[in-house]
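Below is one structure, written out as structure tokens, with a few remarks after it.
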Amino acid sequence: MSTDIQTSVIVNPFNQNMLSANVNITAVLPMRFSYRVQGKTPDSAFTYENDEYTLNPVIPVIGLYANAENAIIIECFFSDGSHETLSVIADTTGQDYGDTPLTVDFIINDEEIASQTLYNGWLVTCYYTAYDKNGDLRMAFADAWDNNNLKSDGSAIYPGFDIFATSGETYAQTLKQMNLLGEARQTFQAPAGNGFHHDITFGPDGNMFCLMTLLENQTAEQRQQAAIYKYDVATGEVLWSRNYSSLFDNQDVCIDAQPNDIHFNSLAFSSQVNQLILNNRSTSTIYGINYENGDIEWTIDNPNYSLVAESVNLQPINADSFIYPNGEHAVYPTTNTKYANYMTENRLAITLFNNKAALFDDGTENDKKMEDPIPDEYYEAPFDSQCLVYGIDLTARTVELLDVFDIAGQRSNITSEVHEVADYYSIMYGVDSNFFIIDTNNTVAVECYAVYPALTYRGHIFSYDELRQLI
């Protein structure tokens, strides 16, 4: 069979992921295949297999190294039972990676935790750069949006394009459903004068909820970062939308919030309670949203300041020791078994990154009104940021502080993400692009500093299984 097989390799076939390739196979018989991108160490090889028999398949490859002649070993299993092993080269030498570091340094403090987290995948940043366990670059999207959501529907990612830049934010006017090679499958267009920002999620019907904003000229009637849109994933059409601007008149907001900036910044669907989980940085409020119509069904909102929806605000258990967030990000459901007591009917556990963005030295909030400009000078106490875990009981209408994680000396007053990985959590501190993996007892297992030479909105571990599903 070997004399009947021809191969050709196209590196970066879709002009997106520079460390990807298509390997074209021409053969007499249909075949299924597996491949291995040779790693710099045996345990850093990337492998993939496809069990469907196809005549003349195009084999999608990710996980190439930068500036290298990458060896790819392909096992071909033909429909007549025969087998051939091929070796091809994908050459990435001479590519321009801009400011993207080609290597980062992972400091391993706990091998057992690292083996269950970092060693089982890649650290992927919002720039769609990715690093393996050795710190080598294995994915590099060209001209990636700095605010990519890093969400998938289990088979595709949704990066942003057609970027509209303002003095403080960048918005994507288009999202594209893609695989990790950068092959576009569907396009989602923001309405004229609007842009996607910060986050997306997927509901029980598989369709997509997106955070939407006006691009410019925000007013009290139409505020910035104030809306949710639902899109049909199959057609790219808008199914419904909801704008929440009217709820925020005269609200107390973080002192550094732009006028009329609601600043929704994370969105997730909880199958546990069948709701969208939403938050906004400006008023430091967390919401449970009816995914069918957008109604607010509960909030977690500090009663010492103005309340967005007082009648549905959850009551804290042990109120004297409860910690309300300030300028928070990345409010997501967690499935960590430590909090299994809150994974029963009408209950859920959530994690969040508490930036502690705008506080005075005594811990009280440094606020202004929603409509007011940012003062020329203001103070933000340099508290370390922290990660919080809440347990929510929607029958009792209560919220309980379950855990607090923090890393001494680490602060990010904007952006950032906490994300579960196995039975642990990764934390990306956005301002300095510092990444950590931590357990629920505050053991810092993995450290990595300056992952990207700019503010990094988010970054977390994609397991090998997740990576393969996204090819």
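By convention here, the first residue in the shown sequence is residue 1. The model shown is predicted, which means the values in this text are computed figures rather than measured ones.
- A salt bridge does not link D132 with K40: none of the charged nitrogens is closer than 4.0 Å to a carboxylate oxygen.
- A pairwise comparison of heavy atoms in S416 and G430 identifies OG-N, 2.9 Å as the closest pair.
- Cation-pi geometry between R468 and F46 is met: under 6.0 angstrom from the ring centre, within 45 degrees of the axis.
- In summary, the side chains of E75 and S34 do not present any donor paired with an acceptor at a separation below 3.5 Å, with no hydrogens or angles considered.
- Just one residue in the list Y128, Y231, F196, F202 forms a ring pair (Phe, Tyr, Trp, His ring centres under 6.0 Å) with Y158, and that residue is F202.
- Atom-to-atom distance recorded for T41:OG1 and Q38:CD is 11.0 Å, nearest 0.5 angstrom.
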Set out, in order, the CA-CA distance, both residues' side-chain angles and the distance that settles side-chain hydrogen bond (donor to acceptor under 3.5 Å, both in side chains) for T93 and D91, then state yes or no. CA-CA 6 Å; T93 57; D91 189 353; 2.6 Å; yes
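- Listed by chain and number, the residues in a side chain to side chain donor-acceptor pair (under 3.5 Å) with E183 are N179 (sequence neighbours excluded).
- Under the 4.5 Å side-chain criterion, counting only non-hydrogen atoms from C-beta, L388 is not in contact with D403.
- Applying the salt bridge (Lys or Arg N to Asp or Glu O under 4.0 Å) definition to pairs two or more places apart or across chains, none involves residues 441-455.
- With 3.5 Å as the limit, one finds no donor-acceptor pair spanning the side chains of N265 and D199.
- Summarising the geometry, atom CG belonging to L137 is positioned 6.0 Å from atom CG belonging to L102; distances are rounded to the nearest 0.5 Å.
- Residue pairs satisfying the salt bridge (Lys or Arg N to Asp or Glu O under 4.0 Å) criterion with at least one member in residues 109-125, sequence neighbours excluded, are absent.
- The closest side-chain donor-acceptor pair between E420 and T335 falls under 3.5 angstrom.
- Qualifying salt bridge (Lys or Arg N to Asp or Glu O under 4.0 Å) partners for R36, counting only residues two or more places apart in sequence or in other chains: none.
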Compile the donor-acceptor pairs under 3.5 Å between side chains in residues 9-16 and protein atoms, sequence neighbours left out, one pair per line.
unit_1: N12; atom_1: OD1; unit_2: N15; atom_2: N; d: 3.2
unit_1: N12; atom_1: OD1; unit_2: Q16; atom_2: N; d: 2.9

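- Among residues two or more places apart in sequence or in another chain, the salt bridge (Lys or Arg N to Asp or Glu O under 4.0 Å) test is passed with D99 by none.
- Looking at every heavy atom in both residues, D384 comes nearest to A408 through OD2-CA, 3.5 Å.
- Partners of D439 by salt bridge (Lys or Arg N to Asp or Glu O under 4.0 Å), not counting sequence neighbours: none found.
- Pairs passing the side-chain hydrogen bond (donor to acceptor under 3.5 Å, both in side chains) check and including a residue from residues 347-364, sequence neighbours excluded, read H329-N355, R347-D393, N354-Q386, D361-Y379, D362-T364.
- Using modelled atom types, one finds no donor on one side chain facing an acceptor on the other under 3.5 Å when comparing T103 with D105.
- With Y390 as the partner, the ring pair (Phe, Tyr, Trp, His ring centres under 6.0 Å) test is satisfied by one option alone out of Y332, Y339, F322, Y324: F322.
- Among pairs with a residue in residues 264-279, none fulfils salt bridge (Lys or Arg N to Asp or Glu O under 4.0 Å), at least two apart in sequence or across chains.
- In this structure, the ring of F264 has its center no less than 6.0 angstrom from the ring center of H197.
- When all heavy atoms are compared, the tightest approach of L307 to N302 is CD2-O, 3.5 Å.
- Judged by distance alone, the side chains of N280 and S282 never bring a donor and an acceptor atom under 3.5 Å apart.
- Taking the six-membered ring for Trp and the full ring otherwise, the centers of F106 and F436 sit at least 6.0 Å from each other.
- For residues 154-179, no residue pair satisfies the salt bridge (Lys or Arg N to Asp or Glu O under 4.0 Å) rule, not counting sequence neighbours.
- For the pairing with R281, the side-chain contact (heavy atoms from CB on, under 4.5 Å) check across D256, N326, I262 returns one residue only, D256.
- Between the side chains of Y65 and S44, at least one donor-acceptor pair of N or O atoms lies under 3.5 Å.
- Between the CG atom in L211 and the OH atom in Y171 there is a gap of 11.0 Å [rounded to 0.5 Å].
- Among residue pairs with one or both ends in residues 265-288, those qualifying as ring pair (Phe, Tyr, Trp, His ring centres under 6.0 Å) are F269-Y291; sequence neighbours excluded.
- The salt bridge (Lys or Arg N to Asp or Glu O under 4.0 Å) test applied to D252 returns K369, not counting sequence neighbours.
- Side-chain contact check for N120 and S463: no donor-acceptor pair (N or O, by modelled atom type) lies under 3.5 Å.
- For the atom pair NZ of K368 and SG of C254, the computed distance is 9.5 Å after rounding to the nearest 0.5 Å.
- The line from CE of M139 to OH of Y131 is 10.5 Å long, rounded to the nearest 0.5 Å.
- Atom OG of S167 is separated from atom CD of Q258 by 6.0 Å, given to the nearest 0.5 angstrom.
- In this model, no donor atom of one side chain and acceptor atom of the other lie less than 3.5 Å apart for N260 and Q218.
- Closest approach of V446 to A114, counting heavy atoms only: CG2-CB, 4.0 Å.
- Side-chain contact check for F462 versus L470: some heavy-atom pair is nearer than 4.5 Å.
- Nearest heavy atoms, I277 versus I286: CG2-CG2, 4.4 Å.
- For the residue pair S284 / Y305, no side-chain donor-acceptor distance below 3.5 Å is found, with atom types taken as modelled.
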